[in-house]
Amino acid sequence: MVTILGGEILSALGSQERRLKHLSEGTYQSTKKDMVTIMGEELSFDYYSIDDGPRNSALSIPLDYLEAVVLKTIEKLGLDSDALSRCGLFVGSASNDLSLSLPLGQNYDNSQVDQVACERIGNGYYADYLTHRFGLNAFSLTYNTACTSSANAVIDAAAMLESRVIDYALVIGFEMFAPISFEGFVTMQLLSDKAIAPFDKERLGINLGEAISAVVMSRDDVTASSWSYCGGSSACETYSVTGAKSDGSGTSAVIEKALSDAAVTTADLRAVKAHGTASALNDEAEINGMKRVFSQQPDFFSLKPYIGHTLGSCGVSELLLVMECVDAGFIPQTPNFKNVDDTLAWSPLTEKQVCNDGYFMLNYFGFGGNNTSLVIKKALL
Amino acid sequence: MIYIHKSGSINVRQEETFDVKAAWKKVSPSMIRRTDRFIQLSLLGAYNTIGQEEIPEESALYMASGQGNLAVFKRLRDQRYIYKQPPKPVDFINSLSNTSGFYVAQFFGLLGKNLNVSRHGLVIENILMLAQADLEQGREKQILLGGVDELQEPLDFTRRTLGLCDDHLLGEGSNWLLLSAQKEEALASIEVLSDQMDSLKLKAYFASLQQKTQVAFGGRCESVWVEEILKLYDFELFEYASECDFYETNPLFALHRFVEEGRGELLFINTFNAQYRVIKVVLI
């Protein structure tokens, strides 16, 4: 059995104490407005930042954050050098690696060629750095599958653990502010200039956010845990490159396969962590997908109002938030939900619920037709 | 054990020019409008592997790249910083690394798992290890596994960012394998040895081999070291390098050529940061 040992998350919710207070009370930290000028029009959107620090100004910035999160995770779990040498690394991010993006940006007129060091950079740079910094096992992969990146990394970490190539897996979700990505969402009219309200009748779209998270997985014959990974599924829906089909045929397929892989039924699930981006069509595709599988509405919630849509990081970031909430004895509510959308008819939890154990489904749906669903379990030891 | 059922390739040398768009237009004129050259390269390589044949829709697609679709990133950079324009939606979408995998899946009707991964060096070895785990455990029945790299100008900049500090010739390519755990009708077995080795450990492994074998080496292996290994262990060199310039995923080209024209058994040895991995291919 694949176990989930725990981890650490850096997000707009702040420290663990503050995270749990917000999640318990259904509140979130005020977000800053990010401005963008599109076709002469100045627009502003809520954004969930980790802090007020500068962005994209130095190559060391993401590495500092990443290193701090991984170090805290290792210390929290007490992993020694032997365990780390048996620990593979799986990094998920929707963004291109800044190590190459920055020199590419600076070299737009080809005037900087001679100033670029002869050093392998680009996607995989962070993984390479962390592997050497912490003495990890040689196996590593960096995932770029948009919003499902780190969720897919979790599935593959479990596969590599079960194959016994590695005994531990460090899975990282990583997303920081990227101006081109932010503006891309603006031009596609996917961002909301109001607070994010998943599944609400008046929902207007996504609020983006930053998060860096690290979770460690293992096997029960190596390290036991009250949390386990029961199964999951990842599939490609080829209907549209920008999203799932609103009838829910694609999302339901991956949900069904995840249940089958985990050998559980909908009746076994205590709750569903929805993807819940608050974009009109994605929320519709998600609810319609669940309706095809569940005979009645399950308890479900979205974590996006707490930390924003953290894109490739949300797989691990939201997994850790679910674990923290249940460890603290509750399932969180979905802030900002006020009115039921008649076309959806289903409502997310609007009050937190007492919960200490059970099976949980975690859903993630992304660009590129990438749909992923995980099933995890908390057992009372 | 896992097996190669099909292999296919697009391989372009540094001095060659290849009109990918024209080639892909002959295959599927309807899939040109929203795709760029990187995506078309992905599609064409996969088409050269699968052709018109239908493969089961639940088949997975694992795609690796050394640096991904850099051309679209450059377009977005120029739109933002030079022309002061917002990103064009089609470029923004194509800049997501898994978009090329989406189009390959759409063309072949594949609804299974669809991955896009990268790594500094040994990316093909690592993604093959994942494929091996998934197929051997029965998580996947069949995987279309490819590596795609598009050559970017200026070459000196590309060479430096790949960490190549000499005069390596740079190429581009899109090479694919169709893999499964079924031996029936397979072309070859393929296995990545689970240990990553340093030079000493690798030499001890070579010394332990009982029979004469063919070897091929990745583009990051130093030529002096290759000559030393060939002398020390009486290996026979499988020659593919004269047809192929460097790109991170070109080990798949070497494997494709061996499946096409090799005989017996091949050890493909590749390196990054003084660590080595070995892929073993045995023709059936």
key: Largest heavy-atom contact set with chain A, pairs under 4.5 Å, which of B:R77, B:Q137, B:K113, B:H120   = B:H120
Side chain / backbone / both / neither for A:S101 at chain B, heavy atoms under 4.5 Å = both
message = Whether the A:T142 and B:R119 side chains hold a donor-acceptor pair (N or O, under 3.5 Å, no angle test) is what I'd like checked.
response = no
query = Under 6.0 Å from the NZ atom of B:K74, do we count more than 12 heavy atoms belonging to anything else shown?
reply = yes
request  = Pick whichever of B:T99, B:L96, B:L162 has the most heavy-atom pairs under 4.5 Å with chain A.
outcome  = B:L162
Part of B:D78 lying under 4.5 Å from any heavy atom of chain A = side chain
Structural part of B:R277 lying under 4.5 Å from a heavy atom of chain A = side chain
task = Could you have a look at A:S163, A:C118, A:G88 and say which one has the most heavy-atom pairs with chain B under 4.5 angstrom?
result = A:C118
note = Heavy-atom closest pair (B:P86 atom, A:T187 atom, distance to 0.1 Å) is CB-CG2, 3.4 Å
inquiry  = Would the distance check show the side chain of A:E119 and the main-chain N or O of B:R160 forming a donor-acceptor pair, the cut-off being under 3.5 Å?
reply    = no
query = A:G368, A:S181, A:G366: which one forms the most heavy-atom pairs within less than 4.5 Å of chain B?
reply = A:G368
Proximity breakdown for B:L111 and chain A, heavy-atom pairs closer than 4.5 Å = both
B:Q14, CD atom: more than 12 neighbouring heavy atoms under 6.0 Å = yes
request  = Please round to the nearest 0.5 Å and tell me the distance separating atom CZ of B:R139 and atom OG of A:S233.
outcome  = 10.5 Å
ask   = What residue in B:V117, B:L70, B:N126 has the most heavy-atom pairs under 4.5 Å with chain A?
value = B:N126
query = Counting only N and O atoms by type, is there a donor-acceptor contact under 3.5 Å from the side chain of A:N370 to the main-chain atoms of B:N114?
reply = yes
key: Donor-acceptor pair, side chain of B:Q275 and main chain of A:A138, under 3.5 angstrom   = no
message = For chain A, which candidate among B:E125, B:R80, B:Q106 shows the most heavy-atom pairs at distances under 4.5 Å?
response = B:R80
ask   = Which heavy atom in A:V165 sits nearest to a heavy atom in B:M129, and how many Å separate them?
value = CG1-CE, 3.8 Å
Point-to-point distance, once rounded to the nearest 0.5 Å, from CG of A:L100 to CZ of B:F157 = 6.0 Å
query = So which heavy atom on A:N107 is nearest to which on B:P154, and how close?
reply = ND2-CG, 4.4 Å
request  = Tell me, out of B:C165, B:A64, B:P89, who's got the most heavy-atom pairs with chain A below 4.5 Å.
outcome  = B:C165
query = Quick one: CG on B:L76 to CD on A:E183, what's the gap to the nearest 0.5 Å?
reply = 10.0 Å
note = Greatest number of non-hydrogen atom pairs under 4.5 angstrom with chain B, of A:S149, A:A127, A:A159, A:G92, falls to A:A159
query = Is it true that atom OH of A:Y239 has more than 12 heavy atoms of other residues, nucleotides or ligands lying nearer than 6.0 Å?
reply = no
ask   = Quick one: of B:L122, B:I127, B:L115, who has the most non-hydrogen atom pairs under 4.5 Å with chain A?
value = B:L115
Side chain, backbone, both or neither of B:D195 within contact of chain A (heavy atoms, under 4.5 Å) = neither
remark   = Listed by number, the residues in residues 110-117 of chain A that come under 4.5 Å of chain B (heavy atom to heavy atom) are A:N110, A:V113, A:D114, A:V116, A:A117
task = Answer with side chain, backbone, both or neither: which region of B:I82 has an atom nearer than 4.5 Å to a non-hydrogen atom of chain A?
result = side chain
B:E222 atom CD, over 12 foreign heavy atoms within 6.0 Å = no
request  = Could you tell me the separation between the CG atom of B:L130 and the CZ atom of A:F139, rounded to the nearest 0.5 Å?
outcome  = 5.5 Å
remark   = Honestly, the part of A:D156 sitting under 4.5 Å from a heavy atom of chain B is both
Non-hydrogen atoms of B:S118 and A:N123 that approach each other most closely = OG-CB, 3.1 Å
inquiry  = Quick check: closest heavy atoms across A:M160 and B:A133, and the distance to 0.1 Å?
reply    = SD-CB, 3.7 Å
query = A:T242, A:T372, A:V91, A:T238: which one forms the most heavy-atom pairs within less than 4.5 Å of chain B?
reply = A:T238
key: Shortest non-hydrogen contact from B:G66 toward A:R120   = O-NH2, 3.0 Å
query = Which distance, rounded to the nearest 0.5 Å, do you find between the CG of A:N144 and the OG of B:S95?
reply = 10.5 Å
request  = Answer yes if the ring centres of A:F185 and B:F92 are under 6.0 angstrom apart, and no otherwise.
outcome  = yes
key: Which portion of B:E57 sits near chain A, non-hydrogen atoms under 4.5 angstrom   = neither
remark   = If you tally heavy-atom pairs under 4.5 Å between each of A:F367, A:Y143, A:Y108 and chain B, the highest tally belongs to A:Y108
query = A:S240 versus chain B, heavy atoms under 4.5 Å apart: side chain, backbone, both or neither?
reply = backbone
ask   = Which bit of B:S65 comes within less than 4.5 Å of chain A, counting heavy atoms only: side chain, backbone, both or neither?
value = neither
Option that, when pairs with chain B are counted at under 4.5 Å, heavy atom only, ranks first among A:T145, A:D109, A:V254 = A:T145
